[in-house]
Each structure stands twice: as structure tokens, then as C-alpha cells.
**Q** 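Sharing a structure, written as C-alpha cells. Questions coming.
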Amino acid sequence: MEQNIALVTLVVADYDEAIGFYTQKLGFDLVEDTQVNDEKRWVLVKPKGSKGTSLLLAKAAIFEQKQRVGDQTGGRVFLFLHTDNFKRDYQRMRDHEVNFLEEPREEPYGTVVVFEDLYGNRWDLLELKK
């Protein structure tokens, strides 16, 4: 049997500002941006070179969804961005003014730093040890 997680939904306040953050600041590819109806779009982004999971950027439509924008996991790290070159990606993100919550650190499993997306969701940038 072969399975994988294809999409993870990330609730956002605005489609275009979220696309801008992920493509310009994080360097992700815009995979798809399709208008579904007057209010809804199907927007997929994923890290450059990734063959795995994409993010579905879903605009918050109701009160409960709007309350979750930026806090989908109660303040815990939500997503993990693996890289093959920590120094390169960390510097690129710093150059694009991504908000880091700490200095990079070495852990038994690799080099890691926590950053926030444009709404405050926490991410790990992580290069695993070989």
C-alpha cells in the first residue's frame, strides 16, 4: 500500500497577501490559483522542488475560521519546512524579513529555527543531520 498526505489546509485572511508571503518571502511555487465562485478560490503553494505535500490556502469565511487565522495549533509549531541547506534558506528568509522567534540552534536531529508566517503560525525551518 502507498499513501501520502497531499494537502494541508492553512486558513488565511486574504488570498493575495498569503500568496505573496509564501511565494516572495519563503520562495514557494504557486501551484494553482483557480476561482471557484465569487468568494472562494482553490489556491495551492508548495516549496520549490518539493514532490510532497502542498498547502491549500483557504480564506476564512465564517467567524470560527477567522478566529483561527494565525493560531491553528494554539501557539505550537504547526508546520516543518525541511531544507537541504539551512544556511542558504535562513539567510534568504532573513533578507525577506521573515520573523524569526529565536536564533538558529543545533539539536541532536539537526539545525533548526522557529519562524512565523504572516499571520503568526509557527514553523520550524529544519535541516536534518545526514
**Q** I need the minimum non-hydrogen distance between E116 and F21, along with the two atoms involved.
**A**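 Smallest interatomic distance, heavy atoms only, reads O-CZ, 3.9 Å.
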**Q** Would a hydrophobic clustering, with Ile, Leu, Val, Met, Phe, Trp and Tyr connected at side-chain separations under 4.5 Å, put Y15 with V8?
**A**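 Yes: a chain of side-chain contacts under 4.5 Å links Y15 to V8.
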**Q** Check whether any side-chain N or O of D71 sits under 3.5 Å from a backbone N or O of G75 as a donor-acceptor pair, and report yes or no.
**A**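 It does hold such a pair.
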**Q** Are V31 and V43 close enough that some pair of their side-chain heavy atoms sits under 4.5 Å apart?
**A**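 Counting from C-beta outward, V31 and V43 never come under 4.5 Å.
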**Q** Keeping the roles fixed (side chain from T53, backbone from I5), state whether a donor-acceptor pair exists under 3.5 Å.
**A** yes
**Q** Would D29 and K48 pass as an ion pair if we require N to O under 4.0 Å?
**A**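 Between K48 and D29 there is a salt bridge, with a charged N closer than 4.0 Å to a carboxylate O.
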**Q** Treating E32 as the side-chain partner and W42 as the backbone partner, does any N or O pair qualify as donor plus acceptor under 3.5 Å?
**A** no
**Q** Can you tell me if E107 uses its side chain to pair, donor with acceptor, with the backbone of Y109 under 3.5 Å?
**A**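 Checking the backbone N and O of Y109 against the side chain of E107, no donor-acceptor pair under 3.5 Å is found.
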**Q** Of L118, L125, D117, L26, which meets side chain to side chain contact (heavy atoms under 4.5 Å, CB included) against V98?
**A**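 Output: one option passes, namely L26.
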**Q** Which pair of heavy atoms, one from E106 and one from K129, lies closest together, and at what distance?
**A**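 Where E106 meets K129 most closely, the heavy atoms are OE1-CE, 4.5 Å.
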**Q** Quick one, V114 and V77 - any side-chain contact, counting heavy atoms below 4.5 Å?
**A** yes
**Q** Compute whether any side-chain donor of one residue and acceptor of the other, for N121 and Q72, lie under 3.5 angstrom apart.
**A** no
**Q** Group every Ile, Leu, Val, Met, Phe, Trp and Tyr by side-chain heavy-atom contacts under 4.5 Å, then state whether L56 and V69 land in the same group.
**A** no
**Q** Tell me the closest heavy-atom pair linking S54 and K46, and the distance in Å.
**A**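 That would be OG-CD, 3.5 Å.
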**Q** Please determine whether residues L57 and V36 belong to a single hydrophobic cluster, defined as Ile, Leu, Val, Met, Phe, Trp and Tyr linked transitively by side-chain heavy-atom distances below 4.5 Å.
**A**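 Per the 4.5 Å side-chain linkage, L57 and V36 are not co-clustered.
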**Q** Strictly distance-based, threshold 3.5 Å: is any side-chain N or O of Y119 a donor or acceptor partner for the main-chain N or O of V12?
**A** no
**Q** Can you check whether H96's main-chain N or O pairs, donor with acceptor, with K25's side chain at less than 3.5 Å?
**A** yes
**Q** Quick one: closest heavy-atom pair of R88 and N85, and the distance?
**A**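 That would be N-OD1, 2.8 Å.
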**Q** For K51, does the NZ atom sit with more than 12 other heavy atoms under 6.0 Å from it, leaving out its own atoms?
**A**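 No, because the 6.0 Å sphere around NZ of K51 holds 12 heavy atoms or fewer from other groups.
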**Q** Could you check whether any side-chain N or O of Q65 sits under 3.5 Å from a backbone N or O of A61, counting only pairs where one atom can act as donor and the other as acceptor?
**A**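 Answer holds: yes.
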**Q** Do any N or O atoms from the side chain of T23 and from the backbone of I19 form a donor-acceptor pair under 3.5 angstrom?
**A**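 Judged by distance alone, yes, a pair lies under 3.5 Å.
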**Q** My understanding is that only residues two or more places apart in sequence, or in another chain, count here; which of them pass salt bridge (charged side-chain N to carboxylate O under 4.0 Å, His left out) with E102?
**A** R105
**Q** Check whether D124 reaches the backbone of L126 with its side chain - one donor and one acceptor, N or O, closer than 3.5 Å.
**A**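 Not a single qualifying donor-acceptor pair exists.
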**Q** Return the minimal non-hydrogen interatomic distance between A58 and T9, and the atom names on each side.
**A**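 Of all heavy-atom pairs spanning A58 and T9, the closest is CB-CG2, 3.7 Å.
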**Q** Are the ring centres of Y90 and F115 closer than 6.0 Å?
**A**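 Centroid separation for Y90 and F115: 6.0 Å or greater.
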**Q** At their closest point, which heavy atom of N37 faces which heavy atom of K40, and how far apart are they?
**A** OD1-N, 2.8 Å
**Q** For the pair R41 and D16, find out whether any cationic side-chain nitrogen is under 4.0 Å from an anionic carboxylate oxygen.
**A**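 Judged by the 4.0 Å cut-off on N to carboxylate O distance, R41 and D16 do form a salt bridge.
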**Q** Check step by step if side chain to side chain contact (heavy atoms under 4.5 Å, CB included) holds for L30 and Y22.
**A** CA-CA 8 Å; L30 177 61; Y22 286 99; over 6 Å; no
**Q** Hydrophobic clusters here meaning ILVMFWY residues chained together by side-chain heavy-atom distances under 4.5 Å, can you tell me if V11 and L7 are in one?
**A** no
**Q** Using the rule that Ile, Leu, Val, Met, Phe, Trp and Tyr join whenever any side-chain heavy atoms are under 4.5 Å apart, tell me whether V112 and L101 fall into a single cluster.
**A**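 In one cluster: no.
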